[in-house]
Amino acid sequence: MENSYLDILNKRKQIEITNIKKCNEYTSKYGLSLSENQINNIIERRIESLKANGRIEFRGGIVDKIIKEFCDSPYINQENYAQTIYELIDIFYEYKNDTMDLITDDELITFMKKSFDGICQGDIEYLEGTVMYKMRENLLNRKPIEYLEESEEDE
């Protein structure tokens with residue numbers, strides 16, 4: 001029984017590796033690619049983030065969506081690409097958990113990207129600590145998830 005469980009986990013990991021490698025084909029037009037080592041680190045980061053947030057994911061595909069959504073950001077380059085993806089994965093699962101799944105995966109990723117490229121100007125700490133926190137508060141208080149504008153930054 002344990003061997004079949006490990007086989008399933010290994011098969012799932014190989015599927016994820018293949019899917020992220022396919023993302024390299026897409027992101028190459030933006031001058032971005034991930035090495036084998038970075039891909040393995042991303043998969044490990046995803047597993048750690050799921051554990052840290054007490055989440056289970058059956059379908060996967062979140063990492064692919066994050067990569068494809070963020071690869072055209074003017075604030076991401078080859079030097080910071082892998083690290084930014086690691087951090088975006090953590091932010092995604094943290095806020096997916098904190099919002100009690102009141103927002104879809106696609107809505108959350110879109111919100112993160114628009115904020116990252118907009119008010120955050122590529123500042124991942126500002127995204128995580130300020131913008132995402134406000135989004136979570138709005139969502140939990142049944143208010144619309146608004147995108148912060150620069151004028152709101154000083155409030």
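Note that the coordinates shown come from a computational prediction; the quantities given were computed from them, not determined experimentally. Counting from 1, the numbers follow the sequence of the chain as shown.
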Trainee: Considering only heavy atoms from C-beta outward, does the side chain of Arg55 approach that of Asp101 to under 4.5 Å?
Mentor: yes
Trainee: So Tyr75 and Asp123, do their side chains get closer than 4.5 Å, heavy atoms only?
Mentor: no
Trainee: Checking Asn80 side chain against Ile76 main chain: does a donor-acceptor pair fall under 3.5 Å?
Mentor: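 Checking the backbone N and O of Ile76 against the side chain of Asn80, no donor-acceptor pair under 3.5 Å is found.
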Trainee: What is the distance from atom NZ of Lys68 to atom OG1 of Thr27, rounded to the nearest 0.5 Å?
Mentor: 9.5 Å
Trainee: State, yes or no, whether a side-chain contact exists between Tyr95 and Ile103 at a heavy-atom distance under 4.5 Å.
Mentor: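 Contact flag for Tyr95/Ile103 side chains = no.
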Trainee: Please determine whether side-chain contact (heavy atoms from CB on, under 4.5 Å) holds for the pair Ile15 and Arg12, giving the CA-CA distance in whole Å, both sets of side-chain angles, and the decisive distance to 0.1 Å.
Mentor: CA-CA 5 Å; Ile15 290 169; Arg12 181 72 210 151; 3.8 Å; yes
Trainee: side-chain contact (heavy atoms from CB on, under 4.5 Å), that's the test. Do Met132 and Glu94 meet it? Break it down for me.
Mentor: CA-CA 10 Å; Met132 297 300 292; Glu94 176 185 349; over 6 Å; no
Trainee: Just by modelled atom types, is the Asn97 backbone N or O under 3.5 Å from a matching donor or acceptor in the Asn53 side chain?
Mentor: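 Pair absent, no side-chain N/O of Asn53 close to backbone of Asn97.
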Trainee: Can you name the side-chain hydrogen bond (donor to acceptor under 3.5 Å, both in side chains) partners of Ser73, sequence neighbours left out?
Mentor: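 Only Asp117 meet the side-chain hydrogen bond (donor to acceptor under 3.5 Å, both in side chains) criterion with Ser73.
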Trainee: Less than 4.5 Å apart, side chain to side chain, heavy atoms only: is that true for Leu108 and Lys65?
Mentor: no
Trainee: With a 4.5 Å cut-off on side-chain heavy atoms, are Gln121 and Pro74 touching?
Mentor: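 No - every pair of side-chain heavy atoms lies 4.5 Å or more apart.
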Trainee: Any donor and acceptor pair, going by atom type alone, linking the side chain of Ser49 with main-chain N or O of Arg45 inside 3.5 Å?
Mentor: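 No; judged by distance alone, with no hydrogens or angles, the pair does not exist.
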Trainee: Taking ring-ring contact (aromatic ring centres under 6.0 Å, His included) as the test, write out the residues that go with Tyr81, two or more places apart.
Mentor: none
Trainee: Which heavy atom of Ser28 sits nearest to which heavy atom of Glu25, and what is that distance?
Mentor: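 Shortest heavy-atom separation between Ser28 and Glu25 comes out as OG-O, 2.9 Å.
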Trainee: Do side-chain atoms of Asn77 reach the backbone of Glu79 as a donor and acceptor pair under 3.5 angstrom?
Mentor: yes
Trainee: Measure from the side-chain N and O atoms of Gln78 to the backbone N and O of Ser33, and report whether any donor-acceptor pair falls under 3.5 Å.
Mentor: yes
Trainee: Identify, with sequence neighbours excluded, every residue that meets salt bridge (charged side-chain N to carboxylate O under 4.0 Å, His left out) alongside Glu137.
Mentor: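 None.
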Trainee: As a quick check of understanding, evaluate side-chain contact (heavy atoms from CB on, under 4.5 Å) for Leu88 and Leu127, giving each step before the final call.
Mentor: CA-CA 9 Å; Leu88 290 169; Leu127 175 68; 4.0 Å; yes
Trainee: Are Lys114 and Glu69 close enough for a salt bridge, meaning some N to O gap below 4.0 Å?
Mentor: no
Trainee: Can you find a pair of side-chain heavy atoms, one from Val131 and one from Phe111, that are under 4.5 Å apart?
Mentor: yes
Trainee: Got a second to check how far Ile145's CD1 is from Glu107's CD, nearest 0.5 Å?
Mentor: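 It is 6.0 Å, given to the nearest 0.5 Å.
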Trainee: Going from CD1 on Ile43 to CD1 on Ile17, what distance comes out if it is rounded to the nearest 0.5 angstrom?
Mentor: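 One finds 4.0 Å between CD1 of Ile43 and CD1 of Ile17.
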Trainee: To the nearest 0.5 angstrom, please state how far the CD1 atom of Ile42 sits from the CD1 atom of Ile67.
Mentor: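 The distance works out to 5.0 Å.
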Trainee: Using atom types as modelled and distance alone, determine if a side-chain donor or acceptor of Thr99 lies under 3.5 Å from a backbone N or O of Lys96.
Mentor: yes
Trainee: Do Ile124 and Ile91 pass the side-chain contact (heavy atoms from CB on, under 4.5 Å) test, and can you show the C-alpha distance, the side-chain angles, and the key distance before you say yes or no?
Mentor: CA-CA 9 Å; Ile124 201 101; Ile91 292 168; 3.7 Å; yes
Trainee: From Asp98 CG over to Met135 CE, what is the distance, rounded to the nearest 0.5 angstrom?
Mentor: 8.5 Å
Trainee: Below 4.5 Å, heavy atoms only, C-beta onward: do Ile62 and Tyr93 meet side chain to side chain?
Mentor: yes
Trainee: State, with a plain yes or no, whether a side-chain heavy atom of Val63 is found less than 4.5 Å away from one of Glu16.
Mentor: no
Trainee: To the closest 0.5 Å, what do you measure between CD (Glu125) and OG1 (Thr130)?
Mentor: 10.0 Å
